Visitor: 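Here's a structure for you.
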Amino acid sequence: MLDLALLRREPDRMRRVAARRAIGGDFVDDVLAIDVRLRAARTTAEALQAEKNALTARISQATDKGAAARELRPQIADLDARIVAANAEIPPLDAQIDAILSEIPNLLDDTVPDGAGEDDNVVVRDSGPPPVATFTAKPHYELGEALGIIDFERATKLSGARFSVLRGAGARLSRAVVAFFLARAHDRGYTEIAPPLLVTRDTMWSTGQLTKFADAMFRDTDADLFMIPTAEVPLTALHRDEILNADLLPLQYTAHTPCFRKEAGAAGKDTRGLIRQHQFEKVELVWLVAPEKSDEALERLTADSEALLAELELPYRVLALCSADVSFNAARTYDLEVWLPGQQLYREISSCSNCTDFQARRAQIRFRREAKGKPEFVHTLNGSALAVGRTLVAILENYQREDGGITIPRALVPFCGFTSIEPDGTTR
RNA sequence: GGAGAGAUGGCAGAGUGGUCGAAUGCAUUCGCUUGGAAAGCGAACAGACUGUCAAAGGUCUCGGGAGUUCGAAUCUCCCUCUCUCCUCCA
């Protein structure tokens with residue numbers, strides 16, 4: 001949620017952001033026009049109310065309250081009518097502003113490169129050129145099925161398209177990846193959380209997902225609960241409606257959860273393999289920090305995610321998303337992309353964003369610098385560290401052997417207890 | 001799913017129609033005291049909006065909404081949530 005006061009103060013700034021994000025900027029003038037009317041209506045109503053309160057106070061102070069009440073009743077009745085009329089104007093105006101404001105995306109950081117789409121994202125660094133293979137690498141879905149560790153056919157039988165069954169070494173490897181990610185997050189100071197996977201509408205709204213993923217979410221309509229599309233939601237909303245002590249900051253949380261997405265807008269895209277599933281696992285990192293620390297926090301959060309790829313010795317690159325590709329909540333985003341030799345392309349495996357005060361304002365997450373200080377909004381950041389399914393994909397494709405077997409990355413061996421998956425699906 | 005109890009400021013907890021945004025205690029902050037600290041004493045201490053250079057001031061909020069009344073934390077109705085017991089259950 002954008003700050004209305006900021007919009008009022010610097011409308012041109014929002015107009016520029018709208019242009020850079022390639023969305024229409026009419027809403028700026030719409031909001032400002034409604035805001036003028038709203039404030040006028042409020043002032044009028046409040047002045048009348050103050051008048052009435054003064055009369056009521058006179059009755060309270062009178063010795064003969066009954067007499068005073070009888071005497072002032074006509075005046076009060078007249079004020080009442082005018083107050084009702086003045087107040088009636090407020091809710092519709094309020095609702096109009098809320099409706100517009102809650103659909104406006106976050107401001108963009110000045111460092112975000114201009115661009116019209118994902119092709120304009122800027123590579124800021126990489127782990128070097130992807131290695132040249134000595135044989136033709138296969139895509140992970142062929143490898144997985146041949147090894148008997150991923151079963152797409154039976155998943156479809158159980159649940160339809162975009163689901164998968166992991167089996168044997170595949171399931172074990174996946175679990176090891178999660179354990180590895182969580183262990184590293186712990187080492188780096190994150191507090192592990194095991195959150196609910198179903199959250200209320202309020203929670204979902206508070207982190208900005210209800211707009212962004214509105215059609216993309218699975219939900220139970222009876223209880224009006226939503227299945228989380230990412231652990232960002234419960235982790236960020238953990239301190240919703242709280243005023244934190246400054247010495248608690250920064251808060252660093254991690255969680256391993258399944259994520260559920262309808263992928264309604266992705267019909268026909270990535271239909272093969274583990275890349276785009278209705279249900280996938282992810283380890284998420286979330287920071288709550290003081291505003292002046294969020295730039296630095298984004299670098300550290302990104303570095304924490306990046307270190308996992310480096311330790312797994314997977315080829316990757318880091319992208320600064322361009323203005324048109326930065327998502328609704330974020331002011332600035334780094335994507336981590338991993339090289340997939342089976343498909344000869346880089347693929348997103350993590351997205352690390354600084355959401356500044358945008359989610360904090362929706363979720364009312366504040367902190368106080370001093371005992372008597374005014375509450376301020378925290379800045380929230382989130383990033384994947386990492387997407388588990390896509391990590392599995394990357395491992396299969398990058399660590400495949402010519403005979404169809406898989407070598408386990410060294411860093412993972414202590415977590416899964418085997419060093420390879422043989423062509424027949426057994427482990428060594 | 002059945003029955004009952006409850007929801008007040010950071011916490012605990014008073015307050016059943018009128019100077020109540022709210023006693024008191026704890027916590028916190030500042031001052032006095034002290035060589036320093038503790039104790040003691042004094043003071044400050046909810047959030048939002050509006051207003052101002054800054055103030056003063058104004059409006060709203062005692063889970064949420066509607067109502068009764070000149071006036072509601074207090075009375076009425078609806079909703080939500082929490083707790084306890086029973087039932088069920090990993």
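Note on naming: letters A, B, ... go to the chains in the order of the sequence lines (proteins, then strands), and numbering restarts at 1 for each one. The shown structure was predicted, so the numbers you read here are calculated from the model rather than taken from an experiment.
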Visitor: Using atom P in both nucleotides, what's the gap between B/U84 and B/G10 to the nearest angstrom?
Guide: 24 Å
Visitor: B/C60, OP1 or OP2 - any side-chain N/O from A/Asn53 closer than 4.0 Å?
Guide: yes
Visitor: Over all heavy atoms of both residues, which pair between A/Leu314 and A/Tyr399 is shortest? Give the atoms and the distance, please.
Guide: CD2-CE1, 3.9 Å
Visitor: From CG of A/Asp64 over to C1' of B/G18, roughly how many Å is that when rounded to an integer?
Guide: 14 Å
Visitor: To the nearest Å, give me how far apart CD (A/Glu51) and P (B/G57) are.
Guide: 19 Å
Visitor: Which listed nucleotide (B/G47, B/C70, B/G58) is nearest to the side chain of A/Arg366?
Guide: B/G47
Visitor: Toss me the dot-bracket line for RNA chain B: Watson-Crick and G-U wobble, both under 3.5 Å, 5' to 3', using | for pairs to another strand and [ ] for crossers.
Guide: ((((((((.[[[..)..(.....]]].(((((.......))))).(((((......))))).[[[[[..)....]]]]])))))))....
Visitor: On a whole-Å scale, what distance lies between the C1' atoms belonging to B/C45 and B/C83?
Guide: 31 Å
Visitor: Provide the distance between the two C1' atoms, one in B/G1 and one in B/G65, to the nearest whole Å.
Guide: 27 Å
Visitor: Ignoring hydrogens and angles, write down the donor-acceptor pairs under 3.5 Å from the side chains of residues 380-388 of chain A, residues two or more places apart or on other chains.
Guide:
| from | atom 1 | to | atom 2 | distance (Å) |
| --- | --- | --- | --- | --- |
| A/Thr380 | OG1 | A/Gln359 | OE1 | 2.7 |
| A/Asn382 | ND2 | A/Glu232 | OE2 | 3.4 |
| A/Ser384 | OG | A/Ser351 | N | 3.2 |

Visitor: In whole angstrom, give the distance that lies between atom CD of A/Gln61 and atom C1' of B/C70.
Guide: 14 Å
Visitor: Run the numbers on A/Thr356 and A/Asn354 for side chain to side chain donor-acceptor pair (under 3.5 Å), then give the verdict.
Guide: CA-CA 5 Å; A/Thr356 61; A/Asn354 182 356; 5.2 Å; no
Visitor: Do A/Tyr253 and A/His239 have ring centres separated by under 6.0 Å?
Guide: yes
Visitor: If I pick the C1' atom on B/G9 and the same atom on B/A44, what distance separates them, to the nearest angstrom?
Guide: 15 Å
Visitor: Please report the closest heavy-atom contact between A/Ala18 and A/Gly25, naming both atoms and the distance.
Guide: CB-CA, 3.9 Å
Visitor: With the side chain of A/Asp80 defined as its heavy atoms from C-beta on, choose the nearest nucleotide among B/G71, B/G47, B/C49.
Guide: B/G71
Visitor: Could you tell me the separation between the CG atom of A/Asp78 and the P atom of B/C70, rounded to a whole number of Å?
Guide: 15 Å
Visitor: If you check every side-chain atom of A/Gln49, which of B/G47, B/G71, B/C60 has the closest atom?
Guide: B/C60
Visitor: Closest approach to the side chain of A/Ala69, judged atom by atom: which nucleotide of B/C70, B/U19, B/G47 is it?
Guide: B/C70
Visitor: Under 6.0 Å between ring centres: does that hold for A/Phe358 and A/Phe328?
Guide: yes
Visitor: Mind running a 4.0 Å heavy-atom check of residues 28-44 of chain A against RNA chain B and sending the residues that fall below it, in number order?
Guide: A/Arg39
Visitor: For the C1' atoms, the ones on B/A38 and on B/C32, what distance do you get once it is rounded to whole angstrom?
Guide: 15 Å
Visitor: To check you understand the geometry: which heavy-atom pair defines the closest contact between A/Thr333 and A/Ser353, and what is its length?
Guide: OG1-OG, 2.8 Å
Visitor: Determine the minimum heavy-atom distance between A/Ile193 and A/Ala255, stating which atoms define it.
Guide: O-CB, 3.2 Å
Visitor: Once you apply a heavy-atom cut-off of 4.0 Å, does A/Ile59 come out as touching a base, just sugar-phosphate, or nothing?
Guide: base
Visitor: Grab the two heavy atoms, one from A/Thr236 and one from A/Ile365, that are nearest each other, plus how far apart they are.
Guide: O-CD1, 3.2 Å
Visitor: Scan A/Lys65 against the nucleic acid and name what it touches under 4.0 Å (heavy atoms): base, sugar-phosphate only, or nothing.
Guide: base
Visitor: Once you apply a heavy-atom cut-off of 4.0 Å, does A/Ala57 come out as touching a base, just sugar-phosphate, or nothing?
Guide: nothing
Visitor: Return the value, rounded to whole Å, for the distance between atom CG of A/Asn87 and atom P of B/A66.
Guide: 11 Å
Visitor: Within the structure shown, what part of the strands sits under 4.0 Å from A/Asn245 by heavy-atom distance: base, sugar-phosphate, or nothing?
Guide: nothing
Visitor: For the P atoms, the ones on B/A23 and on B/A43, what distance do you get once it is rounded to whole angstrom?
Guide: 14 Å
Visitor: Pair A/Lys282, A/Thr257 - check side chain to side chain contact (heavy atoms under 4.5 Å, CB included), show working.
Guide: CA-CA 6 Å; A/Lys282 185 156 62 68; A/Thr257 69; 5.5 Å; no
Visitor: I would like to know whether A/Thr111 and A/Arg332 meet side chain to side chain donor-acceptor pair (under 3.5 Å); could you show each step before the answer?
Guide: CA-CA 8 Å; A/Thr111 61; A/Arg332 185 182 179 195; 3.1 Å; yes
Visitor: Can you tell me how far P of B/U80 sits from CG of A/Leu225, to the nearest Å?
Guide: 14 Å
Visitor: Using the P atoms only, state how far B/G42 lies from B/U59, rounded to an integer number of Å.
Guide: 33 Å
Visitor: Roughly how many Å apart are B/U29 and B/A46, using the C1' atom of each and rounding to a whole number?
Guide: 15 Å
Visitor: Within the modelled atom types, does a donor on one side and an acceptor on the other bring the side chain of A/Ser60 and the base of B/G18 under 3.5 Å apart?
Guide: yes
Visitor: Please report, rounded to the nearest Å, how far the P atom of B/G58 is from the CD1 atom of A/Ile83.
Guide: 16 Å
Visitor: Hey, does the side chain of A/Lys52 come within less than 4.0 Å of B/U59's phosphate (OP1/OP2), counting only N and O?
Guide: no
Visitor: When you check the phosphate oxygens OP1 and OP2 of B/A46, does a side-chain N or O of A/Arg368 lie under 4.0 Å from one of them?
Guide: no
Visitor: Please classify the nucleic acid contact of A/Arg361 as base, sugar-phosphate, or nothing, using heavy-atom distances under 4.0 Å.
Guide: nothing
Visitor: Which comes earlier along RNA chain B counting from the 5' end, the contact point of A/Ala45 or that of A/Arg8, where each point is its nearest nucleotide?
Guide: A/Arg8
Visitor: Round to a whole Å and report the spacing from CG of A/Leu48 to C1' of B/G58.
Guide: 12 Å
Visitor: Please report the shortest heavy-atom distance between A/Glu376 and A/Pro291, naming the atom on each side.
Guide: OE1-CG, 4.4 Å
Visitor: Does A/Arg73 or A/Ala47 map to a spot on RNA chain B nearer the 5' end, using the closest nucleotide for each?
Guide: A/Ala47
